[in-house]
Amino acid sequence: MSESRRYDGFLPGAHLIEGMGQGAFAFGGMSHIGSLLLLPDGVRALAATTFAEVDEAALAPVLALPAGEVELLLFGCGPSLQPIPALLRNKLRDRGVRCDPMSTGNAAQTYNILLGEKRRVGALLIAVE
């Protein structure tokens with residue numbers, strides 16, 4: 001990835017994933033090493049390095065959005081699909097957010113497609129090598 005600027009934790013607005021690999025993501029002309037939470041209001045750095053570390057605090061920005069802002073949250077679980085814990089799934093469902101777990105690569109591709117279709121989508125992407 002040869003992006004010109006380094007990402008420092010939050011970038012306002014929705015951005016396509018332009019590239020990924022070696023534990024990093026490229027988006028908005030920037031690069032970031034580590035996991036991300038992409039929402040309609042911006043891209044946030046995520047402290048979790050594994051899907052098992054994703055908790056309610058990691059999802060707080062999603063839960064703080066107005067109802068209907070995000071209809072589908074894609075979970076890029078790392079190199080392979082993992083189940084979303086029932087507590088997290090229920091919290092999101094109560095806010096009208098459907099969940100779809102998949103590998104990080106598939107989640108990034110699906111996010112880009114749905115964002116291009118102007119869908120109300122978000123993605124939690126665990127960085128992969």
Side-chain angles (χ1 to χ4, degrees):
M1 289 186 263
S2 60
E3 286 56 48
S4 59
R5 299 179 294 162
R6 184 141 172 89
Y7 172 70
D8 65 358
F10 180 77
L11 179 64
H15 297 275
L16 294 172
I17 296 296
E18 299 160 355
M20 61 175 277
Q22 298 178 332
F25 295 94
F27 55 91
M30 300 182 177
S31 65
H32 172 73
I33 296 173
S35 303
L36 294 174
L37 179 62
L38 299 101
L39 297 172
D41 67 341
V43 180
R44 292 164 175 79
L46 190 64
T49 59
T50 67
F51 188 66
E53 296 171 8
V54 174
D55 58 12
E56 190 173 340
L59 297 177
V62 181
L63 299 171
L65 291 173
E69 185 81 14
V70 173
E71 292 180 338
L72 175 63
L73 184 64
L74 304 169
F75 282 85
C77 303
S80 61
L81 169 71
Q82 296 183 42
I84 299 169
L87 174 67
L88 298 180
R89 182 180 293 278
N90 292 339
K91 287 258 184 203
L92 291 165
R93 186 188 65 227
D94 290 347
R95 298 281 303 152
V97 180
R98 293 185 336 255
C99 304
D100 196 357
M102 57 189 74
S103 71
T104 295
N106 287 340
Q109 290 173 353
T110 303
Y111 172 79
N112 283 349
I113 291 167
L114 295 176
L115 188 62
E117 294 175 350
K118 308 290 187 217
R119 302 272 301 275
R120 292 183 295 222
V121 64
L124 185 148
L125 303 176
I126 299 297
V128 293
E129 293 300 315

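Values in this document were obtained by computation on a predicted structure and should not be read as measured data.
- Remark: E69 CD to D41 CG distance equals 7.0 Å, nearest 0.5 Å.
- Of the listed residues (L59, V121, L88), just one forms a side chain to side chain contact (heavy atoms under 4.5 Å, CB included) with L73, and that residue is L59.
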Under 3.5 Å donor-acceptor pairs involving side-chain atoms of residues 102-110, not counting sequence neighbours:
residue : atom : partner : partner atom : Å
S103    : OG   : N106    : N            : 3.3
S103    : OG   : N106    : ND2          : 3.3
T104    : OG1  : G76     : O            : 3.2
T104    : OG1  : G78     : N            : 2.9
T104    : OG1  : G78     : O            : 3.4
T104    : OG1  : I126    : O            : 2.7
T110    : OG1  : N106    : O            : 2.8

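- For residues 102-127, the set of pairs meeting the salt bridge (Lys or Arg N to Asp or Glu O under 4.0 Å) definition, not counting sequence neighbours, comprises E71-R120, E117-R119.
- Every residue two or more places apart in sequence or in another chain was checked for a side chain to side chain donor-acceptor pair (under 3.5 Å) with N112, and none qualifies.
- Qualifying ring-ring contact (aromatic ring centres under 6.0 Å, His included) partners for F75, counting only residues two or more places apart in sequence or in other chains: F51.
- Taking hydrophobic clusters as Ile, Leu, Val, Met, Phe, Trp and Tyr residues chained together by side-chain heavy-atom distances below 4.5 Å, I84 does not share a cluster with L81.
- Residue pairs that meet the ring-ring contact (aromatic ring centres under 6.0 Å, His included) test with at least one member in residues 106-129, sequence neighbours left out, do not exist here.
- The two residues M30 and L11 come nearest to each other via the heavy atoms CE-CD1, 3.8 Å.
- Annotation: the span from L74 atom CG to C99 atom SG amounts to 9.5 Å, rounded to 0.5 Å.
- With sequence neighbours excluded, no residue forms a salt bridge (Lys or Arg N to Asp or Glu O under 4.0 Å) with E53.
- Among pairs with a residue in residues 76-86, none fulfils side chain to side chain donor-acceptor pair (under 3.5 Å), at least two apart in sequence or across chains.
- Cluster annotation: I113 and M20 are assigned to distinct hydrophobic clusters (Ile/Leu/Val/Met/Phe/Trp/Tyr, side-chain heavy-atom contacts under 4.5 Å, transitive).
- The two residues V54 and A48 have their closest heavy-atom pair at CG2-CB, 4.1 Å.
- Residues V97 and L65 are not in side-chain contact: their nearest non-hydrogen atoms beyond the backbone lie 4.5 Å or more apart.
- A salt bridge (Lys or Arg N to Asp or Glu O under 4.0 Å) check over residues 81-101, counting only residues at least two apart or in different chains, returns the pairs E56-K91.
- Nearest approach of A58 to L37, heavy atoms of both residues: O-CD2, 3.6 Å.
- Closest non-hydrogen pair, G23 versus A127, comes out as O-CB, 3.5 Å.
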